Amino acid sequence: MILVPIILLIGVLAAIIGGTIGPRYSSAYGKGQVFVVYNANNSTAALSNTYDKIIEPGAMINDDNKSDDAQKLRNKLAELRKEAADSKKPLTDAEKANIVSEFYKYVIDENLYTTINGSATGIKLKSSRLDFEVIPNYIFLNPSNDPTPSAAVQITSNSTDQHSRSQFKKLLRFIANGQ
């Protein structure tokens, strides 16, 4: 007899808590996109190419560009180069991926897309929520490759703007491969 009121009380309490606190679903759920920058054995080496461009002075940005944005980018690149040079031993792939992730995050947070690639106009990623994650043991499964783990940078965007997503993909490709 006492069990029925207790169950009803728990049910009412659960309904009140669930209704007020409840799960918070984004209207963009399922509409975002995940970009992964990685090295594949017989394919692209986007992560290594990007890291090499960050480390090599003048590879990421033209020295003729004297704008304030270009100087901000040069300062960040110098900071990342120093971080890599301060290491007493060769950097692991995961450490390189962390430097690449910091670079991407900075470029996006500071709206420096067009400083790197003049055709990257119209990207509105600053208003999107972007999550950056370094994956130390990413495995790219391809039947023609030996599945060897490599570090990767995963960028998750909740952007629902198709133009911004396609432009961002082009920007990532341009940074890594220059195309």
Side-chain angles (χ1 to χ4, degrees), residues 18 21-55 59-61 69 72-73 75-77 79-81 83-84 87 91-179:
I21 298 174
R24 307 257 189 258
Y25 292 108
S26 168
S27 61
Y29 180 76
K31 296 178 183 170
Q33 193 160 356
V34 176
F35 302 94
V36 180
V37 180
Y38 62 94
N39 292 328
N41 295 342
N42 298 323
S43 178
T44 180
L47 185 67
S48 293
N49 290 350
T50 304
Y51 175 78
D52 291 345
K53 283 185 170 184
I54 290 169
I55 297 305
M60 188 66 69
I61 187 166
D69 284 346
K72 282 172 50 177
L73 186 56
N75 292 343
K76 182 62 176 181
L77 288 167
E79 178 187 316
L80 293 172
R81 280 187 209 105
E83 183 180 323
S87 177
L91 295 178
T92 65
D93 283 347
E95 290 168 329
K96 289 178 181 180
N98 192 44
I99 288 173
V100 170
S101 177
E102 281 183 54
F103 172 74
Y104 284 138
K105 185 167 178 30
Y106 183 78
V107 166
I108 291 164
D109 287 347
E110 299 296 323
N111 290 318
L112 298 175
Y113 326 117
T114 54
T115 305
I116 295 172
N117 180 1
S119 66
T121 57
I123 299 178
K124 297 179 185 113
L125 290 171
K126 183 79 170 161
S127 61
S128 302
R129 194 177 118 241
L130 294 169
D131 295 318
F132 295 82
E133 179 182 358
V134 174
I135 305 168
N137 293 311
Y138 182 78
I139 297 177
F140 176 70
L141 295 177
N142 184 346
S144 64
N145 286 350
D146 178 30
T148 306
S150 172
V153 176
Q154 177 176 298
I155 306 165
T156 307
S157 166
N158 72 344
S159 175
T160 57
D161 178 19
Q162 186 61 39
H163 175 70
S164 288
R165 289 192 307 199
S166 67
Q167 288 293 77
F168 183 59
K169 191 185 310 182
K170 287 178 188 174
L171 177 67
L172 291 177
R173 193 175 298 127
F174 181 82
I175 289 172
N177 303 318
Q179 55 184 339

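Keep in mind the model is a prediction, meaning the values are calculated, not measured.
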### Summary
Residues L47 and D93: closest non-hydrogen pair is CD2-O, 4.5 Å
### Query
Excluding sequence neighbours, so at least two apart, what forms ring pair (Phe, Tyr, Trp, His ring centres under 6.0 Å) with F35?
F168
### Query
Thinking salt bridges, do K105 and E102 make one under a 4.0 Å N-O criterion?
no
## Note on the structure
In short, A97 meets V134 closest at the heavy-atom pair CB-CG1, 3.7 Å
## Note on the structure
One should read off an interatomic distance between K53 NZ and L77 CG, to the nearest 0.5 angstrom, of 11.5 Å
### Task
Only counting residues at least two apart or in another chain, list the ones meeting side chain to side chain contact (heavy atoms under 4.5 Å, CB included) with N75.
Q71
### Task
Tell me, please, which residues at least two apart from N137 pass side chain to side chain donor-acceptor pair (under 3.5 Å).
none
### Within-4.5 Å side-chain heavy-atom neighbours: F132 and N98
no
### Message
To the nearest 0.5 Å, what is the distance between NZ on K96 and OG1 on T50?
### Response
12.0 Å
#### Entry: Residues forming a side chain to side chain donor-acceptor pair (under 3.5 Å) with E95, sequence neighbours excluded
T92
### Task
Mind checking side chain to side chain contact (heavy atoms under 4.5 Å, CB included) for I55 and listing every partner two or more places apart, or none if nothing turns up?
Y51, R81, A84
### Partners meeting side chain to side chain donor-acceptor pair (under 3.5 Å) with D52 (sequence neighbours left out)
none
### Task
Check A151 against Y138 and note the closest heavy-atom contact, atom names and distance.
C-CB, 4.5 Å
### Message
If the condition is ring pair (Phe, Tyr, Trp, His ring centres under 6.0 Å), which residues does Y106 pass it with, not counting sequence neighbours?
### Response
none
### Query
Would you call L91 and I99 a side-chain contact if the rule is heavy atoms closer than 4.5 Å?
yes
### Task
Output all residues satisfying side chain to side chain donor-acceptor pair (under 3.5 Å) with E133, sequence neighbours left out; order by chain, then residue number.
none
